[in-house]
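Please read the structure below before turning to the comments.
Side chains are part of it too, since the values below use all heavy atoms of this structure and drop only hydrogens, waters and symmetry mates. Bear in mind that the values here come from a model prediction, so they are computed numbers and not experimental data.
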Amino acid sequence: SRQVFKGCSQLGYVALPEGVTEIGNDAFNACHSLVTVKLPSTVTALKWACFISCRGLAYIEIPDSVATIEHYVFSYCPNLKRVTIGKGIETLWGGLDLSLGLKELIFRGDAPKAPANIDKCKEATIYRQPGAKGWGSTWGGRPVRLLNEKP
């Protein structure tokens, strides 16, 4: 649903139930204290700006069921350091834009097409599973390492 938790500044932890299929536009917009989000295995899409301005969010794991991450999903999340993306990702729009503090982007599956703005994540290293297809030594200009090379 759209804007369901928008502006809930005291919200620190969310575990969404199985059966939720998408995180709607602006769903958690400006939930500044949100630190932990547990997404269910039924979610297939992270919609436009759903986690925008979640300043406390440092890590999120995207389940294998997610096929689409739309624009501005993690914009203005300055403390977001690590994102793990499941095997089901097909479309990765500009969801990582302006997450300038991003250090690690971990992919469990094959390489999706890199969004044009991935170069804004200047400090990020991409980690991938051994045997995953479509990967080179870089992805969108960012270095790619095997997951077992992660410090």
- Item | side chain to side chain donor-acceptor pair (under 3.5 Å) pairs, two or more places apart, involving residues 138-151 | E104-K150
- What distance do R128 atom CZ and L147 atom CG have between them, rounded to the nearest 0.5 Å? 10.0 Å
- Message: Do V144 and T125 have side chains that approach each other closer than 4.5 Å (heavy atoms only, starting at C-beta)?
- Response: no
- Going by heavy atoms in the side chains, are C54 and H32 under 4.5 Å from each other? no
- Message: If hydrophobic residues (ILVMFWY) are linked whenever their side-chain heavy atoms come closer than 4.5 Å, directly or via other members, who joins Y13 in its cluster?
- Response: none
- Kindly determine whether L57 and N79 satisfy side chain to side chain contact (heavy atoms under 4.5 Å, CB included), including the steps that lead there. CA-CA 6 Å; L57 194 61; N79 293 308; over 6 Å; no
- Task: Mark yes or no for whether D64, through its side chain, and K87, through its backbone, hold a donor-acceptor pair below 3.5 Å.
- Result: yes
- Is T68 close to L46 at the side-chain level, that is, under 4.5 Å between some pair of heavy atoms? no
- If you look at every heavy atom in C77 and S53, which pair is closest and at what distance? SG-N, 4.1 Å
- Item | Side-chain heavy atoms of F74 within contact of L102, under 4.5 Å | no
- Item | D26 side chain to C50 backbone, donor-acceptor under 3.5 Å | no
- Are the side chain of E18 and the backbone N or O of S41 linked by a donor-acceptor pair below 3.5 Å? yes
- Message: Test of understanding: clusters of I, L, V, M, F, W, Y form through side-chain heavy atoms closer than 4.5 Å, transitively. Do I62 and I106 belong to the same one?
- Response: no
- Query: Are W135 and I126 close enough that some pair of their side-chain heavy atoms sits under 4.5 Å apart?
  - Reply: yes
- Task: Can you measure from CD1 (I89) to CD1 (I69) and round to the nearest 0.5 angstrom?
- Result: 4.0 Å
- Say whether L39 and V20 are linked into one hydrophobic cluster, either directly or through other cluster members, by side-chain heavy-atom distances under 4.5 angstrom. yes
- Query: Atom SG of C31 and atom CD1 of I52: how far apart are they, to the nearest 0.5 Å?
  - Reply: 12.0 Å
- Message: Side chains of E22 and V43, heavy atoms from C-beta outward: is any pair under 4.5 Å?
- Response: no
- Query: At what distance, to the nearest 0.5 angstrom, does CD1 of I60 lie from CZ of R82?
  - Reply: 12.0 Å
- R108 with E61: basic N within carboxylate O range, under 4.0 Å: yes
- Query: Taking it one step at a time, do Y127 and L146 satisfy side chain to side chain contact (heavy atoms under 4.5 Å, CB included)?
  - Reply: CA-CA 5 Å; Y127 292 97; L146 289 173; over 6 Å; no
- Item | Distance-minimising heavy-atom pair for A111 and G134 | CB-O, 3.4 Å
- Considering non-hydrogen atoms only, spot the tightest contact between P40 and P63 and give its length. O-CG, 3.4 Å
- Item | Y59 vs V83 side-chain heavy atoms within contact, under 4.5 Å | no
- Spacing of L92 atom CG and I85 atom CD1 [to the nearest 0.5 Å]: 5.0 Å
- Task: Check whether any side-chain N or O of T44 sits under 3.5 Å from a backbone N or O of T21 as a donor-acceptor pair, and report yes or no.
- Result: yes
- Any chance you could measure S75, atom OG, to W48, atom CH2, to the nearest 0.5 Å? 9.0 Å
- Decide whether V35 and V73 are clustered together by the hydrophobic rule: side chain heavy atoms of Ile, Leu, Val, Met, Phe, Trp, Tyr closer than 4.5 Å, transitively. no
- Close side-chain approach of P112 and F107, heavy atoms under 4.5 Å: yes
- Note on the structure: When every non-hydrogen atom of G109 is compared with those of A132, the smallest separation belongs to O-CB, 3.3 Å
